[in-house]
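What follows is a short report on a single structure.
What's counted below: heavy atoms across the whole structure, side chains too, no hydrogens, waters or symmetry copies. This chain uses plain numbering: 1 for the first residue, then up along the sequence.
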Amino acid sequence: MTLRHRQSPLVLFVAFPRMGLLDLTGPQSAFWVASKNMVKRGAPGYDRHTVSLHGGLIQTAEGVGIDTRPFSDFAGSEIDTIVVPGAPYVLAALEEVQETVDWIHVNSQSARRTTSVCTGAFLLAQAGLLQGKRVATHWAMCDELQRRFPALSVDPEAIFVQQGATWTSAGVTAGIDLALALIEADCGRDMAMQVAKELVVFLKRSGDQAQHSELLRAQSKDTAVFDELHLWLSENLGMADLSVSVLAERACMSPRNFSRVYKQKTGNAPFKALELFRLEAARRLLENSERNLDQIARQCGFADEERMRVTFHRNLGISPSDYRKRYSRPAEAQ
């Protein structure tokens, strides 16, 4: 174990009215499991507390009450980690939590690290902690965060981002990825793997992986007419003929009308959507399988390794082999 603390590191989870429940409880669960396993190994676990401005019961957006201790209980304490959750209606929440933001600003100066989950990045930005830094937040709020705080740089694809002592993460469940990364930094990969196993999640998502899949991205738009087509497409990428005519027939449209409506609804031409679906499938195989590059290329419909390489460089600026080196899961996690 590589945890550098001899005493229990103090981790404070900051609560405020109408915060997101899972933003808070996801990381809490990860740190709780880590603490149990640290104690079993003869090391002090994390000293974990949920805190708020005045303490007492804090109601989440989902209607669940969370018992908290007041900030004042930890005045003068050596804080190791501050975790700030987001809120479904964070813009409204910002108008009500300025004193909490002020506390974050002051205490982040002495804490070893300050982190945010999902739209908690808005609170860190308002506290002045993100100026000039690359940050992550929920994909649906990236543009708003960038607009409100132009001095920072929002990465719309990242799962989490570390910039010095400040960590930010994407939406909701990405808070667990963030917590696992923090635990790994403290205690080593074996401990993080053990926590991931107990939580029944994979320790595999690096910080700068995409937040969601191409299929989910397509479904998040006004594309219900194409949902069945997208599902079929994701299951048949290796077919020799996936021309516009074939796709149009699956969608029960003429090729011309299909091309027009598809571009209108999804923002992509059919051939571009097909490329992105193939890219997504290839990325997953590179991350999670031991197939060679040529096998992956053919399975995903690229015909050969060279075409897959060109597609990766065009969309990701990286070769398939380098992508695998950066993002593949170690054998122990498979």
Check the pair S243, D241 against side-chain hydrogen bond (donor to acceptor under 3.5 Å, both in side chains), reporting the backbone distance first and the verdict last.
-> CA-CA 6 Å; S243 62; D241 183 9; 3.1 Å; yes

side-chain contact (heavy atoms from CB on, under 4.5 Å) between L182 and F160: does it pass, once the steps are laid out?
-> CA-CA 11 Å; L182 296 172; F160 61 83; over 6 Å; no

Worked verdict on V90 versus L123 for side-chain contact (heavy atoms from CB on, under 4.5 Å) | CA-CA 9 Å; V90 67; L123 278 73; 4.1 Å; yes

For V101 and H105, run side-chain contact (heavy atoms from CB on, under 4.5 Å): C-alpha distance rounded to whole Å, both residues' side-chain angles, the deciding distance at 0.1 Å, then the answer.
-> CA-CA 6 Å; V101 169; H105 171 77; 5.6 Å; no

Take R18 and Y89 through the side-chain hydrogen bond (donor to acceptor under 3.5 Å, both in side chains) test and state the conclusion after the steps.
-> CA-CA 8 Å; R18 295 186 289 172; Y89 305 103; over 6 Å; no

Between R134 and S153, is a side-chain hydrogen bond (donor to acceptor under 3.5 Å, both in side chains) present by the stated rule, with each step listed?
-> CA-CA 5 Å; R134 184 169 68 94; S153 176; over 6 Å; no

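Between L286 and F312, some side-chain heavy-atom pair lies under the 4.5 Å cut-off. Using a 4.5 Å heavy-atom cutoff, the side chains of F16 and L53 are not in contact. Looking only at side-chain heavy atoms (C-beta outward), Q126 and Q98 come within less than 4.5 Å of each other. Annotation: side chain of K272 is in contact with side chain of N315 (closest heavy-atom distance under 4.5 Å). The shortest side-chain heavy-atom distance between F71 and V14 falls under the 4.5 Å cut-off. The shortest distance between side-chain heavy atoms of L199 and S29 falls below 4.5 Å. In this structure, the side chains of W139 and P156 stay at 4.5 Å or more apart for every pair of heavy atoms. Within the 4.5 Å cutoff, the side chain of V117 has no heavy atoms near those of the L22 side chain.
Residues V97 and V106 do not share a hydrophobic cluster, defined by chaining ILVMFWY side chains whose heavy atoms lie under 4.5 Å apart. Under the 4.5 Å side-chain heavy-atom criterion for ILVMFWY residues, no single connected hydrophobic cluster contains both F277 and V310. Both M19 and L91 are assigned to one and the same hydrophobic cluster, defined by single-linkage of ILVMFWY side chains at heavy-atom distances under 4.5 Å. Hydrophobic clustering (side-chain heavy atoms under 4.5 Å, transitive across Ile, Leu, Val, Met, Phe, Trp, Tyr) groups V64 together with V51. Put simply, L247 and V225 are part of the same group of oily side chains (I, L, V, M, F, W, Y) that touch within less than 4.5 Å, one to the next.
Taken from CG in N288 to CG in L285, the straight-line distance is 8.0 Å, to the nearest 0.5 Å. To the nearest 0.5 Å, the span separating CG on D155 from SG on C142 amounts to 8.0 Å. Taken to the nearest 0.5 Å, the CD atom of Q7 stands 11.5 Å off from the CG atom of D80. Atom CZ of residue F302 and atom CG of residue L279 lie 5.5 Å apart, to the nearest 0.5 angstrom. Rounding to the nearest 0.5 angstrom, the gap separating the CG atom in D304 from the CZ atom in R309 is 10.5 Å. Taken to the nearest 0.5 Å, the NE2 atom of H49 stands 11.5 Å off from the CD atom of Q28.
If you look at F122 and H138, their ring centroids are not closer than 6.0 Å. Taking the six-membered ring wherever Trp is involved, the centroid distance between the rings of F226 and F258 falls below 6.0 Å.
Between R41 and D190 no salt bridge is recorded (no basic side-chain N to carboxylate O distance below 4.0 Å).
Within the 3.5 Å criterion, the main-chain N or O of N292 finds a donor-acceptor partner in the side chain of Q295. When atom types are taken as modelled, the side chain of S8 and the backbone of P44 share no donor-acceptor pair closer than 3.5 angstrom. For the pair Q163 (side chain) and K133 (backbone), a donor-acceptor distance under 3.5 Å is absent. With T168 contributing its side chain and S116 its backbone, the two residues share no donor-acceptor pair below 3.5 Å. For the pair E184 (side chain) and M191 (backbone), a donor-acceptor distance under 3.5 Å is absent. The backbone N or O of G55 sits nowhere less than 3.5 Å from a side-chain atom of R69 that would complete a donor-acceptor pair. Formation of a donor-acceptor pair under 3.5 Å by the D23 side chain with backbone atoms of G86 is found in this model. Side chain of E235 to backbone of L237: no donor-acceptor contact under 3.5 angstrom is found. Side-chain atoms of T60 never come within 3.5 Å of backbone atoms of G20 as a donor-acceptor pair (strictly under, hydrogens ignored). Here the side chain of R278 pairs a donor or acceptor atom with the backbone of C300 at under 3.5 angstrom.
In the displayed structure, E249 atom CD is contacted under 6.0 Å by at most 12 heavy atoms of other residues, nucleotides or ligands. Atom NZ of K325 sits in a sparse spot, with 12 or fewer heavy atoms from other residues, nucleotides or ligands closer than 6.0 Å. Atom CZ of R256 has 12 or fewer neighbouring heavy atoms from other residues, nucleotides or ligands inside a 6.0 Å radius. The number of heavy atoms from other shown groups lying within 6.0 Å of CG (D143) does not exceed 12. More than 12 heavy atoms of other residues, nucleotides or ligands shown are found within 6.0 angstrom of CD on E96. Atom CD of Q59 sits in a crowded spot, with more than 12 heavy atoms from other residues, nucleotides or ligands closer than 6.0 Å.
Each of T114, L152, V135, I82 was evaluated against L129; a single residue qualifies, T114, per the side-chain contact (heavy atoms from CB on, under 4.5 Å) test.
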